[in-house]
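Structure first, commentary second.
Every chain is numbered from 1, with letters handed out A, B, ... down the list of sequences. The shown structure was predicted, so the numbers you read here are calculated from the model rather than taken from an experiment.
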Number of protein chains: 2
Amino acid sequence: MEILTISKAAIQAGVGVETIRFYERKGLIRQPLKPQNSGYRNYPSDTVKTIRFIRQAQELGFSLREIEELLALKADPATDCADVRERAIEKLEEVERKISQLYKMGSALKSVIASCPSRGGLDGCSIMEALESSSSESER
Amino acid sequence: MEILTISKAAIQAGVGVETIRFYERKGLIRQPLKPQNSGYRNYPSDTVKTIRFIRQAQELGFSLREIEELLALKADPATDCADVRERAIEKLEEVERKISQLYKMGSALKSVIASCPSRGGLDGCSIMEALESSSSESER
DNA sequence: CTTGATTCAGTACTATGGTACGGGGTTTAT
DNA sequence: ATAAACCCCGTACCATAGTACTGAATCAAG
C-alpha cells in the first residue's frame with residue numbers, strides 16, 4: 001500500500017490540503033500514522049478513497065454529518081446492507097420531494113411569464129399562491 | 001386585515017421572532033407600521049404569507065438573496081411588466097437548473113439503490129462500492 | 001549544509017442562515 | 001398600579017463547509 005504525504009493525497013483525492021485536515025478535525029477521516037521523529041502525516045491510499053467517498057456522497061446531497069454516519073456504517077462489520085440502503089432511500093425521497101415542488105414553482109413562473117405579455121397588471125402573478133396551496137408545513 | 005404582533009406573526013408563520021427581525025434586516029420583508037407611541041411592529045397577515053413563501057423557497061434550494069429577487073417579482077405592480085418578465089424568465093431557468101441537478105442526484109441514488117442486494121454484509125453492498133469506486137472528477 | 005518547499009498546530013476568516021442575550025421600554029391583566 | 005409578559009435594538013454567538021494565515025519544524029535537493 002502506497003504511502004502519501006498530505007499534499008499528494010490531496011492531489012489524488014482532488015481536494016485541498018486544508019480540506020483533508022478539516023475532515024480529520026471533523027472525524028471523517030482518522031489521523032494517520034505519524035513517524036516518531038516527524039509530525040508529518042503519512043496517508044495510506046485508503047484515505048484517498050475515503051475522501052473520494054465523501055465528495056461523492058456530497059454530490060448525492062449528503063451532509064458531512066450524514067456522511068460521517070455512512071462511514072461509521074461502513075466501518076462496522078455488523079452493518080447490514082439494508083441500513084445503508086435505507087439512508088439512500090430517505091435521501092432519494094428528499095430529492096424527489098424537492099423536485100416536485102420545483103416543478104410547481106416552475107409552472108407558477110411559467111404562468112407568470114405567460115400572463116405578462118408586455119403591459120401592466122401583474123394580477124396573474126401567483127407564485128406565492130401556487131406555493132401556498134402546496135405547502136402544509138414542517139415544524140421547527 | 002388582521003394585525004399581528006411579532007410573536008403572533010412568528011407563531012402563524014412557524015418561525016421564531018428573531019427570524020422575522022432577521023428577514024427584515026435582510027430586506028426580505030419590509031418593516032411594518034409602528035404606532036407613534038410605541039416602537040412595536042404591527043404586522044399585516046400578508047407578512048405571514050411572505051414568510052411562509054420564504055421557507056418554502058428555501059426548501060427548494062433558493063438562497064435568501066434569490067428569494068429576495070423572487071419576492072421582487074411579486075411586489076410592485078407598477079414596475080414595467082417586461083422587466084418583471086425578464087426576471088421571471090431568469091428565475092425559471094434557475095428552477096430548471098435546480099431540477100436537473102436534483103434529477104441527476106436522484107438517478108444516481110436510484111441506480112445505487114436498485115443494484116443493492118438489500119441484505120448481507122457490506123462486502124457486497126453496491127452502494128458503498130458506487131461511492132468508493134467512482135473516480136468522476138469534479139474539479140475545483 | 002544551506003535553501004526552498006512542505007508540513008505542522010492553532011487560529012482567524014469567509015459566507016449563509018439564523019439564534020441568543022443584555023439592558024432597556026411598553027402593554028396587558030389582575 | 002404594579003407585575004408579568006412582550007417588544008425594542010444591537011451585538012455576540014452557533015452550525016455548516018470550508019479557506020487562509022502564522023511561525024515554527026522538517027524534509028528534499030543542490
Whole-Å distance separating the [atom1] atom of [X] from the [atom2] atom of [N]:
| X | N | atom1 | atom2 | result |
| --- | --- | --- | --- | --- |
| B:Phe62 | C:dG17 | CZ | C1' | 17 Å |
| B:Tyr43 | D:dC7 | OH | P | 10 Å |
| B:Ile3 | C:dT27 | CD1 | P | 15 Å |
| B:Leu64 | C:dG17 | CG | P | 4 Å |
| B:Ile67 | C:dT16 | CD1 | P | 13 Å |
| B:Phe22 | D:dC9 | CZ | C1' | 16 Å |
| B:Ile20 | C:dT19 | CD1 | P | 11 Å |

For [N] and [X] - does any side-chain N or O of the residue sit under 4.0 Å from the phosphate oxygens OP1/OP2?
| X | N | result |
| --- | --- | --- |
| A:Arg41 | C:dC8 | yes |
| A:Gln58 | D:dG18 | yes |
| A:Tyr23 | D:dG18 | yes |
| A:Thr19 | D:dA17 | no |

Open item on the list: Nearest heavy atom decides the nucleotide; on that basis, is B:Arg25 or B:Lys8 closer to the 5' end of DNA chain D?
Closed with: B:Lys8
Between [options], which nucleotide has the shortest distance from any of its atoms to the side chain of [X]?
| X | options | result |
| --- | --- | --- |
| A:Thr5 | C:dT7, C:dT11, C:dG17 | C:dT7 |
| A:Ile6 | C:dC8, D:dG18, C:dT6 | C:dC8 |
| B:Glu18 | D:dC8, C:dA20, C:dG17 | C:dA20 |

Open item on the list: Would you compute the distance between atom NZ of A:Lys49 and atom CD of A:Gln56 and round it to the nearest 0.5 angstrom?
Closed with: 14.5 Å
Open item on the list: Measuring from atom OG1 of B:Thr50 to atom OH of B:Tyr23, what distance do you get when rounded to the nearest 0.5 angstrom?
Closed with: 11.5 Å
TODO: Indicate the atoms forming the closest heavy-atom contact of A:Arg85 with B:Ile113, along with that distance.
DONE: NH1-O, 2.8 Å
Task: Heavy-atom pair of closest approach, residues B:Met105 and A:Glu59 - done: CG-O, 3.2 Å
- [ ] Check the surroundings of atom NZ in A:Lys74: do more than 12 heavy atoms from other residues, nucleotides or ligands lie under 6.0 Å from it?
- [x] yes
Task: Within 6.0 angstrom of B:Lys98 NZ, more than 12 heavy atoms from elsewhere - done: yes
TODO: Could you pick out which residue, B:Arg65 or A:Val17, lies toward the 5' side of DNA chain C when each is mapped onto its nearest nucleotide?
DONE: A:Val17
TODO: Return the 5'-most residue of the pair B:Arg21, A:Glu24 with respect to DNA chain C, ranking by each residue's nearest nucleotide.
DONE: A:Glu24
Task: Protein proximity profile, nucleotides 24-30 of chain D - base contact B, sugar-phosphate-only contact S, no contact -, cut-off 4.0 Å on heavy atoms - done: -BBS---
Open item on the list: What I want to find out is whether A:Arg87 reaches A:Glu66 closely enough, with some N-O distance under 4.0 Å, to be called a salt bridge.
Closed with: no
